[in-house]
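Letters A, B, ... mirror the listed sequences (proteins, then strands); counts begin at 1. Since this is a predicted model, take the numbers as computed values, not measurements. Because only heavy atoms are used, hydrogens play no part in the values below, and waters and symmetry mates are left out as well, while side chains stay in.
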Protein chains: 2
Amino acid sequence: MEAGKIDEAKTEEADDGSDPGRQLEAGAAETTIAYKLRLAQILAFRAFEERLAERGRAPRYLGLLAIIRNHPGQPQSRLAEAVALRRSSLVTILDILTREGLTERRPAPGDRRSNGVWLTEQGEQMVEELLAESQHHDAILTAGNTAEEIKTTLRVLDRVIANLRASQGA
Amino acid sequence: MEAGKIDEAKTEEADDGSDPGRQLEAGAAETTIAYKLRLAQILAFRAFEERLAERGRAPRYLGLLAIIRNHPGQPQSRLAEAVALRRSSLVTILDILTREGLTERRPAPGDRRSNGVWLTEQGEQMVEELLAESQHHDAILTAGNTAEEIKTTLRVLDRVIANLRASQGA
DNA sequence: CTTGAACTGTTCGATGTCGAACAATACGGT
DNA sequence: ACCGTATTGTTCGACATCGAACAGTTCAAG
C-alpha cells in the first residue's frame with residue numbers, strides 16, 4: 001500500500017501564517033473519516049449543550065433518555081452498551097438524571113441483580129421537548145447539503161457503527 | 001414545525017428483551033446526524049486508541065500532530081482552534097507530547113507571548129507511521145460502503161464542520 | 001507616549017469518563 | 001445439590017477536558 005509521496009522538502013521552514021482567515025489543515029489525515037468524525041462531533045455536541053445549558057444535564061444525555069423512552073425497563077448494562085459508555089459511567093449519570101427527576105430505577109422482577117430504568121412523567125416531557133430541539137439543531141448542522149446526501153451519510157454512519165460494534169464485541 | 005405524532009400508547013409497559021441480540025434504538029433521535037456522529041466517534045476513537053495503546057499518547061493526538069506537521073511553527077492558540085480543543089487543554093497535551101519527545105516549543109521570533117510548535121525528528125516519524133495506521137483503520141471502519149458513499153460523507157462532514165465553526169465564531 | 005483593550009500561554013478547581021476491583025446474584029455442568 | 005463462572009450494579013483512584021482567572025505582551029487610539 002504505497003502511500004502517495006507528499007514530500008515538500010520540509011527542512012526547518014515555518015509555516016508563516018499566510019491565508020490568515022482559514023483553518024489549519026491536517027494533510028493526509030484530512031482524507032480519513034475518523035478525523036472529521038471527531039471534529040464534527042466535538043463541535044456539534046458542544047454547540048447543542050451550550051444552546052440548552054439552562055435545561056440541566058438532560059441535553060448531554062438526550063441520546064440515553066431517548067433510548068430509555070423507546071425501551072423502558074431495560075437494565076443499566078444494556079443502556080450503557082447502547083450509548084457506547086461504560087457500565088461504571090452510567091451509574092453516575094443515572095444518579096444525576098434521577099436526582100433531576102427525569103429517570104427512575106426499579107428493581108427488575110426476574111433478576112435481583114439488575115434495575116430496570118424508566119422515565120418519569122417529567123422525563124417523558126423533557127425528552128419530547130429536547131427531541132424537537134435536536135431536529136432543529138440537526139437542520140442547522142446539515143445546512144447546505146441535499147436530502148440525498150444526508151440520507152447517504154446516515155447510512156454510512158450506520159455501517160460504521162455496526163462495523164465497530166462487531167469488531168469490539170469479538 | 002409540527003413534529004410527527006409517534007404515540008404508541010406507552011402506558012407503563014416494559015420493553016421485554018425480545019430480539020435479544022440487537023442493539024437498543026433511540027427512536028426519533030436515530031434520524032439525527034448528531035446522534036450517530038457521537039456514537040460513531042466514540043467507538044472509532046476508542047478502537048483506534050486501544051489498538052495502538054503501546055505507542056503512548058500519540059494515537060489520541062494524531063490529528064494535532066498531523067496539523068503540526070503540515071503547519072510547523074504555529075502558535076498554540078491556533079492549534080487548539082484547529083482541533084476544537086481549548087487553549088488551556090492544549091497546554092497539558094503539549095507538555096505530554098514534549099515529554100515523550102514528539103513535539104517542541106520554540107519562542108516565536110516576532111511575538112514574545114507565543115510559542116511556535118514543531119515536530120521533532122522522532123515526532124515526524126511517529127506521525128508518518130500512525131497516518132499509515134489510520135488509513136488502515138479507516139478502511140475497516142468504512143467497510144461495506146462504496147467509494148462514492150464515503151466521498152459524499154466526507155463532503156457532508158466538511159460542511160457540518162464549517163457550519164458549526166461559523167455559528168460558533170460569531 | 002500613554003493607556004486601555006485584546007491576545008498568549010499558563011494555573012487551578014470542577015466535572016466526566018475510564019478501568020480495575022468488589023459483593024451480590026444467576027446459571028450451567030456434573 | 002454443589003461449585004465455578006458470568007453478570008449486575010457499584011465504588012474508587014487516574015486522567016482528560018473545561019471555564020475562569022491571571023501575568024506578560026502587543027497594539028491601536030488618543
S.K.: Walk along DNA chain C from 5' to 3' and tell me the first and last nucleotide with an atom closer than 4.0 Å to a non-hydrogen atom of chain A.
M.R.: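 For DNA chain C, the relevant span reads C:dG16 to C:dA26.
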S.K.: Using Watson-Crick and G-U wobble pairs with both distances under 3.5 Å, what is the 5'-to-3' dot-bracket string of DNA chain D, with [ ] for crossing pairs and | for pairs outside the strand?
M.R.: ||||||||||||||||||||||||||||||
S.K.: Partners of B:Asp111 by side chain to side chain contact (heavy atoms under 4.5 Å, CB included), sequence neighbours excluded?
M.R.: B:Arg113, B:Ser114
S.K.: Between A:Ser167 (side chain) and A:Leu164 (backbone), is there a donor-acceptor pair under 3.5 Å?
M.R.: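 Checked: pair present.
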S.K.: Of all residues at least two apart in sequence or in a different chain, which pass the side chain to side chain donor-acceptor pair (under 3.5 Å) check with B:Thr31?
M.R.: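 Per chain and number, B:Thr31 pairs via side chain to side chain donor-acceptor pair (under 3.5 Å) with no residue.
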S.K.: For the side chain of B:Thr120 and the backbone of B:Gly101, is there at least one donor-acceptor N/O pair under 3.5 Å apart?
M.R.: yes
S.K.: For A:Ile96, what are the other residues in its hydrophobic cluster, where any two members join if their side-chain heavy atoms are less than 4.5 angstrom apart?
M.R.: none
S.K.: Give the C-alpha distance, both sets of side-chain angles, the deciding distance and a yes or no for side chain to side chain contact (heavy atoms under 4.5 Å, CB included) between A:Val83 and A:Leu79.
M.R.: CA-CA 6 Å; A:Val83 295; A:Leu79 294 176; 5.9 Å; no
S.K.: Does any non-hydrogen side-chain atom of B:Leu97 lie less than 4.5 Å from one of B:Leu102?
M.R.: yes
S.K.: Mind checking ring-ring contact (aromatic ring centres under 6.0 Å, His included) for A:Phe48 and listing every partner two or more places apart, or none if nothing turns up?
M.R.: A:His137
S.K.: Expected output is a numbered-order residue list: members of residues 44-65 of chain A with a heavy atom under 4.0 Å from any atom of DNA chain C. What is it?
M.R.: A:Arg57, A:Arg60, A:Tyr61
S.K.: The criterion is side chain to side chain donor-acceptor pair (under 3.5 Å); which residues satisfy it with A:Arg87, sequence neighbours excluded?
M.R.: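 For A:Arg87, no residue satisfies side chain to side chain donor-acceptor pair (under 3.5 Å) once neighbours in sequence are set aside.
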S.K.: Does A:Leu119 offer a backbone N or O that forms a donor-acceptor pair with the side chain of A:Thr103 under 3.5 Å?
M.R.: no
S.K.: Going by heavy atoms closer than 4.0 Å, what residues in residues 82-96 of chain B are next to DNA chain C?
M.R.: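 Heavy-atom contacts with DNA chain C come from B:Arg87, B:Ser88, B:Val91.
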S.K.: Give me the residues of residues 104-120 of chain A where at least one heavy atom lies under 4.0 Å from an atom of DNA chain D, by number, or none.
M.R.: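 Going residue by residue through residues 104-120 of chain A, the ones with a heavy atom under 4.0 Å of DNA chain D turn out to be A:Arg105, A:Arg113, A:Ser114, A:Asn115.
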S.K.: Taking side chain to side chain donor-acceptor pair (under 3.5 Å) as the test, write out the residues that go with A:Gln74, two or more places apart.
M.R.: A:Arg78
S.K.: Treating A:Arg46 as the side-chain partner and B:Ala84 as the backbone partner, does any N or O pair qualify as donor plus acceptor under 3.5 Å?
M.R.: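 Yes; at least one donor-acceptor contact below 3.5 Å.
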S.K.: Applying the side chain to side chain donor-acceptor pair (under 3.5 Å) criterion to B:Asn115, which one of B:Arg106, B:Gln76, B:Glu104 satisfies it?
M.R.: B:Gln76
S.K.: B:Glu149: what forms a side chain to side chain contact (heavy atoms under 4.5 Å, CB included) with it, not counting sequence neighbours?
M.R.: A:Thr152, A:Arg155, A:Val156, A:Arg159, B:Asn145, B:Thr146
S.K.: Report yes or no: do B:Gln125 and B:Glu121 form a side-chain donor-acceptor pair below 3.5 Å?
M.R.: no
